[in-house]
Amino acid sequence: MIDLKALEQDPDAFARALRRRGDVANLDELLRVARERKELLGRLQAMQEERNKLNEGMKKATPAEREAGRDRMRKLGDEVKALEAEQRIIEERRDALALQFPNSPRPDVPDGKDEHGNVEVRRVLEPRKLDFTARDHVDLGVGLDLVDIERAAKISGARFAFLKGQGARLERALASFMLDFHLAAGDVEMAPPLLVTGQTLVGTGQLPKFGEDLFSVNFGPPKEAGAAPLYLIPTSEVPITNYYAGEILDEERLPLRFCAFSQCFRAEAGSAGRDTRGLIRQHQFEKVEMVRFATPEQANDELERMVQRASDLLTALELPHRVVLLCTGDMGFASEKTYDLEVWLPSQATYREISSCSTCGSFQARRAQIRYRPTSADPKKQEKPRPLATLNGSGLAVGRTWVALLENHQLADGSVRIPERLRPYLGAIDTLRKDESRGAP
RNA sequence: GGAGCGGUGGCCGAGUGGUUGAAGGCACCAGACUUGAAAUCUGGCGUACUCGCAAGGGUAUCGAGGGUUCGAAUCCCUCCCGCUCCUCCA
């Protein structure tokens with residue numbers, strides 16, 4: 001949620017910042033509604049005050065006086081009730097409008113309308129020069145009997161996959177490796193719920209605007225009315241960030257650093273036809289996520305550290321990658337600054353996103369009402385709560401890491417070398433080879 | 001699915017329709033006492049909105065919404081959530 005107070009104080013600055021991301025259509029209307037509400041609230045509160053004062057007198061009034069005051073009170077009560085109804089309506093309208101606006105980009109985010117405006121920050125590790133033609137992960141995976149996409153389509157439709165044998169184990173190994181990496185750095189591991197309420201998704205910004213990207217789930221068979229559906233999480237950022245929804249944390253506790261492994265579910269409504277081959281874009285995938293709660297002053301440092309963490313993971317897996325600073329047009333709705341990490345894919349001879357690390361500033365914190373109480377300089381006075389900063393970053397997308405590992409470490413004969421650091425998680429094998437002892441898939 | 005109970009401030013917990021933003025306790029903060037600490041005593045201590053340069057004032061808030069009433073934490077209705085027992089289940 002955008003900061004309504006800041007908007008009212010300096011609407012022009014707000015419009016300028018938002019215009020960098022494109023549309024600012026309803027900003028004026030939001031401002032108008034906000035001011036209308038204030039005016040209404042003034043009248044309402046004056047009326048409530050009068051009512052309360054009159055009522056005070058009723059307590060010790062004689063029966064005759066009470067009888068006399070009754071009419072007046074009844075009328076005043078009705079008027080108050082009417083204004084309260086107006087207030088509810090106008091606040092609903094204000095909130096509905098306010099929830100539509102994306103976060104404002106920070107000044108150090110480059111302008112641009114799509115991914116072409118992104119700025120490469122650095123490259124890490126040189127892609128290997130192959131003396132043979134690179135196979136893609138589907139050819140490699142099918143060749144080694146690690147994956148079966150056709151049969152998954154039979155079971156669940158497009159954009160699903162079975163991982164098989166060492167392929168399944170590799171996925172598990174990667175996730176485990178990543179989590180241990182984060183734990184060694186001091187993160188707290190979480191295993192979150194995968195189904196969440198609509199309110200939770202409003203907190204992180206997926207709703208109300210982006211419901212079509214989500215899967216929703218009913219209690220029991222589909223029905224027309226009844227209990228509100230739950231949603232499958234598109235990332236564990238959603239449940240973890242909302243973990244402290246509605247709470248006030250003491251400043252001394254910040255920053256808080258969590259990591260979480262989870263399945264992620266995305267409807268991919270807007271991406272029909274994109275990345276249809278292979279495991280790059282699935283309805284269901286695994287991801288290890290980093291989530292941070294920080295003071296606004298700590299946020300920038302935390303962001304850089306997450307990027308470094310993700311990069312270190314890729315380096316540990318010997319995967320060439322680059323860090324990219326996203327431009328205003330390519331950032332997510334809730335983000336005010338985002339770095340993507342892109343891993344080298346030999347089959348496509350290009351870098352593809354494998355992690356996205358963002359600071360959302362106080363945008364999500366205002367939606368989910370997560371605040372912190374600054375440590376007071378004067379021990380006699382306590383500071384007022386402020387929204388804290390939330391950050392999240394992939395560390396890493398496990399499915400895409402699986403893809404990148406196969407492709408980058410493939411050998412001429414179609415087998416795949418396992419990087420040193422991962423071997424303890426795979427029974428100490430150094431290579432994925434075709435298992436000739438088993439029959440055809 | 002069947003039966004019952006309950007949702008009050010950071011926590012515990014009282015609350016007869018009006019004097020309750022809400023007793024009391026714990027926790028926390030400041031001060032006093034003490035060489036220091038503990039104990040004790042005194043005071044402070046929710047959140048949001050709103051008016052005001054400020055000091056300070058006002059309004060709302062006892063799970064949510066609606067109703068009865070001049071007046072609701074207290075009475076009525078609906079919903080949500082939690083707990084216990086039985087049933088079922090990984």
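Letters A, B, ... are given to chains in the order of the sequence lines, protein chains preceding strands, and every chain is numbered from 1.
- B/C45 and B/G57: their P atoms are spaced 12 Å apart (whole Å).
- Applying the salt bridge (Lys or Arg N to Asp or Glu O under 4.0 Å) rule to A/Arg417 yields the partners A/Glu318; only residues at least two apart in sequence or on another chain are considered.
- Under the Watson-Crick or G-U wobble criterion, with both distances below 3.5 Å, B/A22 is left unpaired in every strand shown.
- In this structure, A/Arg423 contributes its side chain and A/Ile418 its backbone to a donor-acceptor pair below 3.5 Å.
- Both distances falling under 3.5 Å, in either a Watson-Crick or a G-U wobble arrangement, occur for no nucleotide opposite B/U69.
- Partners of A/Arg94 under the side chain to side chain donor-acceptor pair (under 3.5 Å) rule, at least two apart in sequence or in another chain, do not exist in this structure.
- Rounded to an integer number of Å, the gap from A/Lys5 NZ to B/A48 C1' is 9 Å.
- Pair check for B/A90 finds none; no Watson-Crick or G-U wobble contact set falls under 3.5 Å.
- Computed from coordinates, the A/Arg74 CZ to B/U68 C1' distance equals 12 Å when rounded to whole Å.
- Across the protein-nucleic acid pair, A/Glu84 atom CD and B/U59 atom P stand 13 Å apart, rounded to whole Å.
- Checked against B/A60, B/U47, B/A48, the side chain of A/Lys384 finds its nearest nucleotide in B/A48.
- Of the P atoms belonging to B/A60 and B/G6, the separation is 30 Å, rounded to the nearest Å.
- Ranking B/A48, B/C51, B/G66 by closeness to the A/Lys38 side chain, first place goes to B/C51.
- Atom CG in A/Asp250 sits about 13 Å away from atom P in B/C28, given to the nearest Å.
- Nucleotides B/U59 and B/G1 place their C1' atoms 47 Å apart, quoted to the nearest Å.
- Rounded to whole Å, the distance from CG on A/Asn52 to P on B/C70 is 16 Å.
- Counting non-hydrogen atoms under 4.0 angstrom, A/Arg43 reaches nothing in the nucleic acid.
- A donor and an acceptor atom sit less than 3.5 Å apart, one in the side chain of A/Asn55 and one in the base of B/G18.
- Taking side-chain N and O atoms only, A/Arg373 has a distance below 4.0 Å to OP1 or OP2 of B/U47.
- The P atoms of B/G24 and B/A37 are separated by 28 Å, rounded to the nearest whole Å.
- A salt bridge between A/Arg292 and A/Asp187 is present, with a side-chain N of the basic residue lying under 4.0 Å from a carboxylate O of the acidic one.
- When both distances must be under 3.5 Å, the Watson-Crick or G-U wobble mate of B/U35 does not exist.
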Atom pairs, protein N/O to nucleotides 54-57 of chain B N/O, distance under 3.5 Å:
none

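- In this structure, A/Glu91 places its CD atom 11 Å from P of B/C49, rounding to the nearest Å.
- The pairing partner recorded for B/A54 is none, the criterion being a Watson-Crick or G-U wobble arrangement whose two distances lie under 3.5 angstrom.
- The salt bridge (Lys or Arg N to Asp or Glu O under 4.0 Å) check on A/Asp111 picks up A/Arg20, with sequence neighbours excluded.
- Applying the Watson-Crick and G-U wobble criteria (two distances, each under 3.5 Å), B/U74 pairs with nothing in any strand.
- Distance noted for atom P between B/A23 and B/G18: 16 Å (whole Å).
- Taking A/Asp95 as the reference, nothing meets the side chain to side chain contact (heavy atoms under 4.5 Å, CB included) condition, with sequence neighbours excluded.
- Within the 4.0 Å cut-off from OP1 or OP2 of B/A48, not a single side-chain nitrogen or oxygen of A/Arg386 is found.
- Using a 4.0 Å cut-off between a side-chain N of Lys or Arg and a carboxylate O of Asp or Glu, A/Glu268 and A/Arg159 do not qualify as a salt bridge.
- B/U74 and B/U19 have their C1' atoms separated by 16 Å, given to the nearest Å.
- A/Glu8 has no carboxylate O lying under 4.0 Å from a charged side-chain N of A/Arg35, or vice versa, which leaves the two without a salt bridge.
- Checking B/A30 for Watson-Crick or G-U wobble geometry (two distances, each under 3.5 Å) identifies B/U42 as its partner.
- Residue A/Lys53 places no side-chain N or O under 4.0 Å from the OP1 or OP2 atom of B/G58.
- Rounded to the nearest Å, the gap between the P atom of B/C53 and that of B/U69 is 42 Å.
- Computed from coordinates, the A/Asp78 CG to B/C70 C1' distance equals 11 Å when rounded to whole Å.
- Base-pair partner of B/U47: B/A60 (Watson-Crick or G-U wobble, both distances under 3.5 Å).
- Regarding contacts with the backbone of B/U50, a side-chain N or O of A/Arg37 is found under 4.0 angstrom from either OP1 or OP2.
- For A/Arg88, a side-chain nitrogen or oxygen approaches OP1 or OP2 of B/G66 to under 4.0 Å.
- The nearest whole Å value for the distance from the CD atom in A/Gln369 to the P atom in B/A48 is 9 Å.
- By the side chain to side chain contact (heavy atoms under 4.5 Å, CB included) test, A/Arg43 is found to be paired with A/Glu39, A/Leu40, A/Leu83, residues two or more places apart in sequence or in another chain being considered.
- Mapping A/Gln48 and A/Ile248 onto RNA chain B via the closest heavy atom, the residue that lands nearer the 5' end is A/Ile248.
- Distance check on atom C1': B/C51 versus B/U34 gives 47 Å, rounded to whole Å.
- Aromatic rings from A/Tyr372 and A/Phe293 are positioned such that their centres are separated by 6.0 Å or more.
- Listed nucleotides: B/U47, B/U59, B/U69. Nearest to the side chain of A/Lys81: B/U69.
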